[in-house]
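Step one of this worksheet: look at the structure below.
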Protein chains: 2
Amino acid sequence: MPAKRPPIPLSRERIIDAALHIADGQGLRRLTMRRLGDALQVEAMAIYHHLPRGKDALMDALAEHVTTVHVEPGESWQESARAWCRASRAALREHPGVLALALTKPPRGRAAIAIREQTDQLADAGLADAAGAVRALRAYVFGAVAVEVQQSGWAEPSGDENEPWRPPSQGGGSPGADTDFEYGLDALLAGLGRR
Amino acid sequence: MPAKRPPIPLSRERIIDAALHIADGQGLRRLTMRRLGDALQVEAMAIYHHLPRGKDALMDALAEHVTTVHVEPGESWQESARAWCRASRAALREHPGVLALALTKPPRGRAAIAIREQTDQLADAGLADAAGAVRALRAYVFGAVAVEVQQSGWAEPSGDENEPWRPPSQGGGSPGADTDFEYGLDALLAGLGRR
DNA sequence: ACCTGAACACCGTTCAAGT
DNA sequence: ACCTGAACACCGTTCAAGT
């Protein structure tokens, strides 16, 4: 007879992971405090101890998580920007269930800091209007991922089916998505340089 | 003593208008079948007669509404594309409350048809990869509006305040947003021509 | 055909209480 | 400090019933 293993203590990180899993697997509409509690083997009310502002705080945390990206400075501002865009795209594609939050919530906390860092990085590398550039790069990544995920057929899963979401790196997304992304990124970087 | 005026009959259109008003004014999270019923002077259950699939159908209809754009063909494919992007941006900016739906729901119904129409229009005007171009243009508009609305400080209104949303055409958006948009659009169109 | 009223299962959140 | 249980106001949706 299996011993009752000691319960893993709840933590902000475990909560966010479980929430991402539910949102990606069943859609944001089915991400519920009670369901989240079940997934964590805990009563829903326990969550409030770690996220005092409740579901709003959870939503903010999810947007922050999927939107916070760090990248080492590259050889040029172009390479830095390229790496940052690729990382941002990867982070967003990994969790289509919270894409709506990521595109919609104003950056706060670590996400806002990461944006400032990236702006400084590009400015230090000699780019004139780094703030404008970061705005344009974020817009590009947001738009690209939005249409990509739309096209991939991802939608709030019906709930009846229990098929987990597989990131479109192999099979889900159309094969041209990567090259489309890189092509447009090249064009944008060229344009930002000339500005 | 005022006579009880005869109730305006419910219709799909009136429902959608009221829903947009609530979403823009108080945020999508507060758009509720019951609240929507109140706004329409009707019991919530009456809505199901006009939108049989209930709230899902409402969400689909909102995304479709804010995402369906028609434009007359211009002198060149560049002008057609430019007009289409401007109109799309305007439609999305007008209703920040449902932006998350618009960026996230795959185009269906009239929205899907409008996209096909625009693709044909560009192809007829001589553009080689019209489908790829429309994908890129949609991505550009989506991303631009997403960062713009984020920056404009719009967020699910707190609900305590009763300040209605004013579109950023005058006052809300930073003044550079329009020129930023046009600048990037020019660059994208140039890139699409050379491809 | 169109709308209502009552009912059901489920939701977010609070609060006092347990350990 | 961390979690539970009961409670409250509010959801989406159904269904039989009214007109």
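We find that CD of Glu43(A) is positioned 13 Å from P of dC11(C), with the value rounded to whole Å. Between the CZ atom of Arg14(B) and the C1' atom of dC2(C) there is a distance of 13 Å, given to the nearest Å. Nucleotide dA16(C) holds its P atom 15 Å from the NE2 atom of His49(A), rounded to whole Å. Here the C1' atom of nucleotide dG12(D) and the CZ atom of Arg30(A) are 13 Å apart, to the nearest Å. dT4(C) atom P lies 10 Å from atom CD1 of Ile47(B), rounded to whole Å. For Leu40(A) and dT4(D), the CG to C1' distance is 15 Å, given to the nearest whole Å. As a whole-Å value, the separation of Arg53(B) CZ from dT14(D) P is 12 Å. Per the geometry, OH belonging to Tyr48(B) stands 15 Å off P belonging to dC3(C), to the nearest Å.
For Met45(A), the side-chain atoms get nearest to dT14(C) when compared with the rest of dT14(C), dC3(D), dT14(D). Which of dC3(D), dG12(D), dA6(D) sits closest to the side chain of Lys55(B) comes down to dG12(D).
The phosphate of dC11(D) has OP1 or OP2 within less than 4.0 Å of a side-chain N or O from Arg35(B). Side-chain nitrogen and oxygen atoms of Thr32(A) include at least one within less than 4.0 Å of the OP1 or OP2 phosphate oxygen of dG12(C). Dashed line: the shortest gap from a side-chain N or O of Arg34(A) to OP1 or OP2 of dT13(C) is not under 4.0 Å. For the OP1/OP2 pair of dC3(C) and a distance below 4.0 Å, the side-chain nitrogens and oxygens of His50(B) include at least one atom meeting the criterion.
Classification of Lys105(B) and Glu64(B) as a salt-bridged pair fails, no side-chain N sitting under 4.0 Å from a carboxylate O. A salt bridge links Arg89(B) and Asp178(B); the closest N-O separation between the charged side-chain nitrogens and carboxylate oxygens is under 4.0 Å.
Of the two residues contacting DNA chain D, namely Ala44(A) and Arg29(A), the nearest-nucleotide position lying further toward the 5' end is that of Ala44(A).
Val141(B) is not listed as a side-chain neighbour of Arg86(B), based on a closest heavy-atom distance of 4.5 Å or more. Two residues are said to be in side-chain contact when any heavy atoms from C-beta on lie closer than 4.5 Å; Gln151(A) and Arg135(B) meet this criterion. Side-chain contact check for Leu103(B) versus Phe142(A): every heavy-atom pair is 4.5 Å or farther apart.
Counting any heavy atom pair closer than 4.0 Å across all strands shown, Met33(B) reaches sugar-phosphate atoms only and no base atom.
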Requested in this report: Using Watson-Crick or G-U wobble pairs with both distances under 3.5 Å, give me DNA chain C in dot-bracket, 5' to 3', with [ ] for crossers and | for pairs to another strand.
Outcome: ||.|||||...|||||.||
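Around CZ of Arg110(B), the count of heavy atoms belonging to other residues, nucleotides or ligands within 6.0 Å does not exceed 12.
Judged by distance alone, the side chains of Gln26(B) and Arg35(B) never bring a donor and an acceptor atom under 3.5 Å apart.
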